[in-house]
Asks: 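Below: one structure in structure tokens.
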Protein chains: 2
Amino acid sequence: MSLSDTKERILDSSEYLFARKGFHNTSLRAITDRAGVNLAAVNYHFGSKEALLDAVFQRRLVPLNKVRRDNLEIVRETARQEGSLPGVEESLRAFIEPTLAFPKSGTGAEDFITLVGRAMSDPNDTVRDVFIRHIAPLFHLLFDILREALPELSPDILFWRLQFAIGAMGHAICMAGKSYSLPDGVTPVNDVESLTAMLLDFVTTGMERP
Amino acid sequence: MSLSDTKERILDSSEYLFARKGFHNTSLRAITDRAGVNLAAVNYHFGSKEALLDAVFQRRLVPLNKVRRDNLEIVRETARQEGSLPGVEESLRAFIEPTLAFPKSGTGAEDFITLVGRAMSDPNDTVRDVFIRHIAPLFHLLFDILREALPELSPDILFWRLQFAIGAMGHAICMAGKSYSLPDGVTPVNDVESLTAMLLDFVTTGMERP
DNA sequence: TTTTTTTTCAAACATATGTTTTAATTAAAC
DNA sequence: GTTTAATTAAAACATATGTTTGAAAAAAAA
């Protein structure tokens, strides 16, 4: 087993279990059993269970955040060069589209995005704090660009509308792919593109309301 | 200590701790210590920790659901008598307003509503299943009325827009009253009415989009 | 090859958990 | 007042948890 292989296996296994069972409801033994490594490997390689959670977020969130940040900067710069305001929909899309499309970026990424969908409102301080620490700068960037896009809107209202949008996205992520009991006439949606389109329609309309 | 007093104290204490720490992260000892009762009282009065969770939901959700159901039925009946369609905003208001106003209904109700805000996307199967069992019929009723209100909308799109709205509401509940780091120019909102108004604006606009 | 460092492994540690038991206490019924 | 049932209390139970330890194995450096 190569050097970093053990760490990767632990990260994969943690991601899988944290997403399904939650952080506190997942034991190190369940993680290491699933990873096929020794129990002590977690504390050896990561130091603690909490540091492991941070590493799980770190591994996926750094590249994901880079895509989202680049997208947002492009929206901002393009508008600046054109002497116009950034569009609300394209600003939101810059953030939302990579998030919902992330599961397709590789094995285990679906697990991760479920974890993200839940992290924001996780009752566990550890989970929420670790996540917020990773996402806060990006959130502020999105907020700033939306301020440019909607200069007439008060910061308070914009802030809450953005919160509503993020809540909608998080919940959509949690629901997607799950098979709850659907009302009659509703078919389960499994392609990300149409879900993204529906979500963007919804949050853009809500955001642009006068 | 009167007969039912112990049960009430346990319910209050559980509600408080479940909302702040989550179900799995709250121990029976923490609950009974806070309640000032003996550890064995939980299993004596409720049978198990899971049954206790169910009782916590039951106590508040039965009256809350009654208000929401009555409101929804009134909206439906009024429209029927007037020979018109139910309004989208009043339908959503019938569900959302009592939910966000619930914390004012009595001591401990703030804790409960936080619990509700998180329950929907709780990674713990127990919490989610118990909650969904309590909320499912009401959700279907709201869906049916919105179908009447927006007959031209496909069930699939309506379903997801309703999910977005519920996600927005749940997240708003989780955020309300918390003091995260706010962007410049944003002041913490502490009155429920204006939050409700903002949320209703947002989700109604998104729901009514052609 | 020898030495040194890194990694793995099994076992133990200390503590925390939900639950059960049995006796004491309190309240209710007769 | 006596008896019966309901409730409380302290302790123990069985198991699960995150973490640490110290020796063995593997890998890297010398």
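Just so you know, these numbers come straight off a predicted model, no measurement behind them. Protein chains get the first letters and strands the later ones, always in sequence-line order, with residue 1 at the start of each.
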Asks: Do Arg161(A) and Phe202(B) form a cation-pi contact, if we require the NZ or CZ to be under 6.0 Å from the six-membered ring centre and within 45 degrees of the ring's axis?
Replies: no

Asks: Could you tell me the separation between the CG atom of Asn38(A) and the P atom of dT8(C), rounded to a whole number of Å?
Replies: 9 Å

Asks: Does Ile31(A) offer a backbone N or O that forms a donor-acceptor pair with the side chain of Ser13(A) under 3.5 Å?
Replies: yes

Asks: Between His45(B) and dA6(D), does any side-chain N or O lie under 4.0 Å from OP1 or OP2?
Replies: no

Asks: Would the distance check show the side chain of Asp111(B) and the main-chain N or O of Ala19(B) forming a donor-acceptor pair, the cut-off being under 3.5 Å?
Replies: no

Asks: Kindly point out which of dT19(D), dA12(D), dA6(D) is positioned nearest to the side chain of Asn43(A)?
Replies: dT19(D)

Asks: What's the NZ-P distance between Lys49(A) and dT17(D), to the nearest Å?
Replies: 8 Å

Asks: So does Ser48(B) get a side-chain nitrogen or oxygen closer than 4.0 Å to the phosphate oxygens (OP1/OP2) of dG18(C)?
Replies: no

Asks: For residues 138-147 of chain B, please give each side-chain donor-acceptor pair under 3.5 Å, one per line with the distance, not counting sequence neighbours.
Replies:
residue, atom, partner, partner atom, Å
His140(B), ND1, Ala136(B), O, 2.9

Asks: Starting at atom CD of Glu50(B), determine the distance to atom C1' of dT19(C), rounded to an integer number of angstrom.
Replies: 14 Å

Asks: How about CD on Glu73(B), more than 12 heavy atoms from neighbouring residues, nucleotides or ligands closer than 6.0 Å, or not?
Replies: yes

Asks: Rounded to whole angstrom units, what separation is found between the CG atom of Leu53(B) and the P atom of dG18(C)?
Replies: 13 Å

Asks: Taking only N/O atoms, report every protein-nucleotides 21-26 of chain D pair under 3.5 Å with atom names and distance.
Replies:
none

Asks: Which residues in residues 21-32 of chain B have at least one heavy atom lying under 4.0 Å from any atom of DNA chain C?
Replies: Thr26(B), Ser27(B), Leu28(B), Arg29(B)

Asks: When you look at Asn65(B) and Arg68(B), which way does the side-chain hydrogen bond (donor to acceptor under 3.5 Å, both in side chains) test go after all the steps?
Replies: CA-CA 5 Å; Asn65(B) 279 352; Arg68(B) 299 194 282 201; 2.7 Å; yes

Asks: Would you kindly give the CD1-to-P distance between Ile10(A) and dT19(D), to the nearest whole Å?
Replies: 13 Å

Asks: Counting heavy atoms not belonging to Glu50(A), are there more than 12 under 6.0 Å from its CD?
Replies: no

Asks: Measure CZ/Phe46(B) against P/dT19(C) and give the value in whole Å, please.
Replies: 13 Å

Asks: Please give, in whole Å, the distance from dA10(D) P to Leu39(B) CG?
Replies: 11 Å

Asks: With a 3.5 Å limit on both atom pairs, tell me what dT19(D) is paired to, counting Watson-Crick and G-U wobble, or say none.
Replies: dA12(C)

Asks: Between Thr6(B) and dT8(D), does any side-chain N or O lie under 4.0 Å from OP1 or OP2?
Replies: yes

Asks: What integer distance in Å separates Asp33(B):CG from dA9(D):P?
Replies: 12 Å

Asks: Judged by atom type as modelled, is there a donor-acceptor pair below 3.5 Å linking the side chain of Ser194(A) to the main-chain atoms of Asp191(A)?
Replies: yes

Asks: Would you find more than 12 non-hydrogen atoms of other residues, nucleotides or ligands less than 6.0 Å from Asp184(B) atom CG?
Replies: no

